[in-house]
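Worksheet: one structure, shown below.
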Amino acid sequence: MNICVVGTGYVGLVSGVCFSELGNHVTCVDVDEQKIAKLTEGKSPIYEPGIEDLIQKNLHKNRLLFTTDLKQAMESAQIVIIAVGTPRKQNGEADLTYIEKVAESIGQHLKSYKVIITKSTVPVGTGKIVKEIIRRHAGEVEFDVASNPEFLREGSAIYDTLNMERAVIGVESEKAAELLIGLHKPLTSNIVLTNIETAEMIKYASNAFLATKISFINEIANVCELLGADVTKVAEGMGYDKRIGHAFLQAGIGYGGSCFPKDTSALVAIAEKAGYDFRIVKDVEQVNKEQRSKVIDKLKVALKNELYGKRIAVLGLAFKPNTDDMRDAPSVDVIPILQNEGAEVVAYDPVANENAQKVIPNLEIADTMQEAIINSDAIMILTDWKEFKEIDLTEVSKLVKQKIIIDGRNIFSNEHMEQMGFYYASIGRKTVSFN
Ligand SMILES: NC(=O)C1=CN([C@@H]2O[C@H](COP(=O)(O)OP(=O)(O)OC[C@H]3O[C@@H](n4cnc5c(N)ncnc54)[C@H](O)[C@@H]3O)[C@@H](O)[C@H]2O)C=CC1
Ligand SMILES: O=C(O)[C@H]1O[C@H](OP(=O)(O)OP(=O)(O)OC[C@H]2O[C@@H](n3ccc(=O)[nH]c3=O)[C@H](O)[C@@H]2O)[C@H](O)[C@@H](O)[C@@H]1O
């Protein structure tokens with residue numbers, strides 16, 4: 001199949017690359033000339049395990065192309081995938097500016113039948129808007145619109161796409177259904193075929209449910225702390241029940257990233273517009289907001305309420321491991337608060353340092369983890385990178401000024417920390433104090 005993907009962010013790039021890996025001819029379009037130049041040279045603008053190899057392989061096989069020319073990219077395509085951003089507006093709604101602009105351009109360049117798929121996460125009803133815009137510009141040319149939301153996770157995006165758990169396809173015509181089922185058959189046998197509105201809602205419902213699981217376990221964690229229970233054991237005990245499952249029950253500093261925060265608030269706005277007050281998701285958001293400050297409270301207790309002049313080593317800046325994405329990362333909220341209280345923050349992340357400096361003003365970055373923790377009064381863990389889990393605590397003991405670790409991701413066990421003589425405060429578990 002010939003496919004044109006519009007937008008080479010995470011979603012556009014990963015789906016474009018994976019569809020070409022399956023043997024389709026894919027042209028990826030972006031308005032960002034620098035991105036396209038980089039991609040044409042086989043370099044990935046994002047950090048995502050495995051992506052660069054696939055880009056280079058498929059460029060070499062001449063079935064993957066990058067361009068800024070939408071008209072040319074659309075010419076031979078049977079399918080056009082819209083994968084541009086839908087960021088959060090001030091009022092919480094999804095901003096459809098990029099979607100509308102792309103729909104307009106697609107309409108202008110449409111010369112033969114195509115299925116135009118929206119892969120971006122968009123409010124229920126957007127498919128209709130996209131259709132109207134294209135119709136306005138495309139004259140009499142026949143086309144179909146469809147919704148095909150994306151469920152990949154950053155950091156395992158290639159795996160998630162090539163081993164898709166389900167494909168959700170929202171269509172209005174049999175012709176479009178046939179084409180999209182054909183496209184997804186090599187990826188999964190779980191194909192949910194439905195109308196466009198339902199497909200659009202499945203995406204928000206999925207993300208909001210996962211966010212709810214996280215806020216739920218974080219509230220359990222907060223109660224555990226008050227009662228001397230251990231949330232990691234509670235989650236393990238709950239997870240063996242297949243109806244609950246182990247996934248997304250990791251208590252911590254709360255969820256971040258480019259999607260859960262914006263999609264939960266968009267869902268609340270979608271419901272509100274329809275005349276419904278979505279109370280659960282509103283609470284999920286509030287719990288998540290408050291969860292971020294827990295590590296600061298714990299740091300203050302450890303340092304006897306005096307942050308001024310204290311050297312704090314922050315390990316982890318990205319919103320989760322295996323990505324350099326800083327969108328809505330907890331570090332963006334936490335670090336400025338520490339700085340405002342007079343702490344000297346030195347941070348380290350295996351891949352997100354450069355991106356972090358763009359969004360956190362006056363951020364001091366260390367080149368290595370060791371350099372960050374040297375002479376520190378406390379270490380704060382904000383991202384659960386494998387590298388941090390494997391840290392040599394004997395070496396750490398020798399480098400730091402005070403053996404204090406505040407862990408927003410529960411990466412160590414209390415028993416080990418006690419043996420190593422650390423003060424260790426994590427989430428939803430007893431604090432290990434100095435003897
Ligand atoms: N990041 C993720 O892991 C996931 C994102 N999504 C959804 O997918 C959508 C895209 O997300 P990301 O890939 O993170 O977006 P992004 O913001 O990283 O990238 C969007 C890209 O679209 C390009 N663009 C904007 N206007 C354009 C135009 N007129 N023509 C061509 N290109 C244009 C931008 O230059 C940019 O490269 C969002 O709706 C998001 O909610 C869904 C699942 C996973
Ligand atoms: O719509 C999207 O963009 C995507 O959003 C999430 O993917 P992603 O944001 O890449 O990352 P997740 O692995 O879901 O983690 C999100 C946040 O929740 C946190 N989290 C996750 C799991 C957990 O148990 N506890 C927890 O705090 C993570 O640290 C991270 O900050 C969803 O998992 C994807 O299915 C979806 O496609």
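We count residues from 1, following the sequence as given. Every number for a ligand or one of its atoms is a count from 1 in the order of the listing.
Residue E48 does not touch ligand 1, judged by heavy-atom distances below 4.0 Å. Under 4.0 Å from ligand 1, not a single heavy atom of R153 appears. By the criterion of a heavy-atom distance under 4.0 Å, both the backbone and the side chain of L152 are placed next to ligand 1. The residue A157 has no part lying near ligand 1, judged by heavy-atom distances below 4.0 Å. With a heavy-atom cut-off of 4.0 Å, I253 does not touch ligand 2 at all. Only the side chain of R409 comes within 4.0 Å of ligand 2, counting heavy atoms alone; its backbone N, CA, C and O stay farther away. Under 4.0 angstrom from ligand 1, the non-hydrogen atoms of S258 all belong to its side chain. Only the backbone of L152 comes within 4.0 Å of ligand 2, judged by heavy-atom distances. Contacts of Y10 with ligand 1, taken as heavy-atom pairs under 4.0 Å, involve both backbone and side chain. Residue contacts with ligand 1, taken as heavy atom pairs separated by less than 4.0 Å, involve V102 solely via side-chain atoms from C-beta onward.
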Exercise for the section: Start with the C-alpha distance between Y240 and H246, add both sets of side-chain angles, then the distance that settles ring pair (Phe, Tyr, Trp, His ring centres under 6.0 Å), and finish with yes or no. Expected result: CA-CA 7 Å; Y240 286 116; H246 290 286; 4.6 Å; yes
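Applying the 4.0 Å criterion to heavy atoms of G7 picks out, from ligand 1, the atoms 22 (O), 23 (C), 32 (N). Using a 4.0 Å cut-off to heavy atoms of E154, the atoms of ligand 2 that qualify are 10 (O). Less than 4.0 angstrom separates some heavy atom of A83 from each of these atoms of ligand 1: 10 (C). The distance from ligand 1 to the heavy atoms of K262 drops below 4.0 Å at these ligand atoms: 40 (C), 41 (O). Set against the non-hydrogen atoms of C259, the atoms of ligand 2 under 4.0 Å away are 1 (O), 2 (C), 3 (O), 5 (O). Each of the following atoms of ligand 1 lies closer than 4.0 Å to a heavy atom of T86: 38 (C), 39 (O), 41 (O).
Of the candidates Q250, E150, K203, H246, the one placing a heavy atom closest to atom 1 (O) of ligand 2 is K203. The option with the heavy atom closest to atom 32 (C) of ligand 2, from among F260, Y204, F248, F151, is F260.
With D384 contributing its side chain and R409 its backbone, the two residues share no donor-acceptor pair below 3.5 Å. Listed for the D349 side chain is no donor-acceptor partner under 3.5 Å among the backbone atoms of N353.
Scanning for salt bridge (Lys or Arg N to Asp or Glu O under 4.0 Å) contacts around E52 gives an empty result, with sequence neighbours left out.
Ion pairing between D160 and R153 holds under the 4.0 Å rule for side-chain N and carboxylate O. Residues E285 and K282 are not paired through a salt bridge, judged by the lack of any N-O separation under 4.0 Å between the basic side chain and the carboxylate. A salt bridge is absent between E104 and R136; no separation between the charged side-chain nitrogens and carboxylate oxygens falls under 4.0 Å. For the pair K71 and D69, the salt-bridge criterion is not met [side-chain N within less than 4.0 Å of a carboxylate O]. Under a 4.0 Å N-O distance rule, the pair E142/K114 does not qualify as a salt bridge.
For the pair R327 and F319, the cation-pi criterion (under 6.0 Å, within 45° of the ring axis) is not fulfilled.
Checking T97 against D95 by side-chain atom types alone, a donor-acceptor pair falls below 3.5 Å.
For atom 20 (N) of ligand 2, the closest non-hydrogen atom on the protein side is I214 CD1, 3.4 Å. The closest protein non-hydrogen atom to atom 20 (C) of ligand 1 is G85 N, 3.7 Å. Looking from atom 7 (C) of ligand 1 to the surrounding protein, the closest heavy atom is T121 OG1, 3.5 Å. The nearest heavy-atom contact from the protein to atom 17 (O) of ligand 1 is R327 NH1, 3.6 Å. Looking only at protein heavy atoms, the nearest one to atom 1 (N) of ligand 1 is E154 OE2, 3.0 Å. In terms of protein heavy-atom proximity, atom 10 (C) of ligand 1 is nearest to V84 O, 3.4 Å. The shortest contact between atom 19 (O) of ligand 1 and any protein heavy atom is with G9 CA, 3.2 Å. The nearest protein atom to atom 4 (C) of ligand 1, hydrogens excluded, is given as V11 CG2, 3.3 Å; this is a heavy-atom distance.
Not a single heavy atom of G252 lies less than 4.0 angstrom from ligand 2. Heavy atoms of N207 approach ligand 2 to within less than 4.0 angstrom.
Looking at ligand 1, you won't find any N or O of C259 less than 3.5 Å from one of its N or O atoms. The shortest N or O to N or O distance between K119 and ligand 1 is not under 3.5 Å. On a distance-only criterion, G256 and ligand 2 share at least one N/O pair closer than 3.5 Å. Between K35 and ligand 1, an N or O atom pair is found at a separation short of 3.5 Å. Backbone and side-chain nitrogen or oxygen atoms of G257 are examined, and none is located within less than 3.5 angstrom of a nitrogen or oxygen of ligand 2. Taking distance alone, with nitrogen or oxygen atoms compared against 3.5 Å, D30 approaches ligand 1 more closely than that limit. In terms of polar-atom proximity, defined here as any N/O pair under 3.5 Å, K320 does make such a contact with ligand 2.
Between N58 and R63 the shortest heavy-atom distance is OD1-NE, 2.7 Å.
You'll find the side chain of F278 reaches within 4.5 Å of the side chain of L267, heavy atoms only.
Across R429, K294, K298, a single residue satisfies salt bridge (charged side-chain N to carboxylate O under 4.0 Å, His left out) together with E225, and that is K298.
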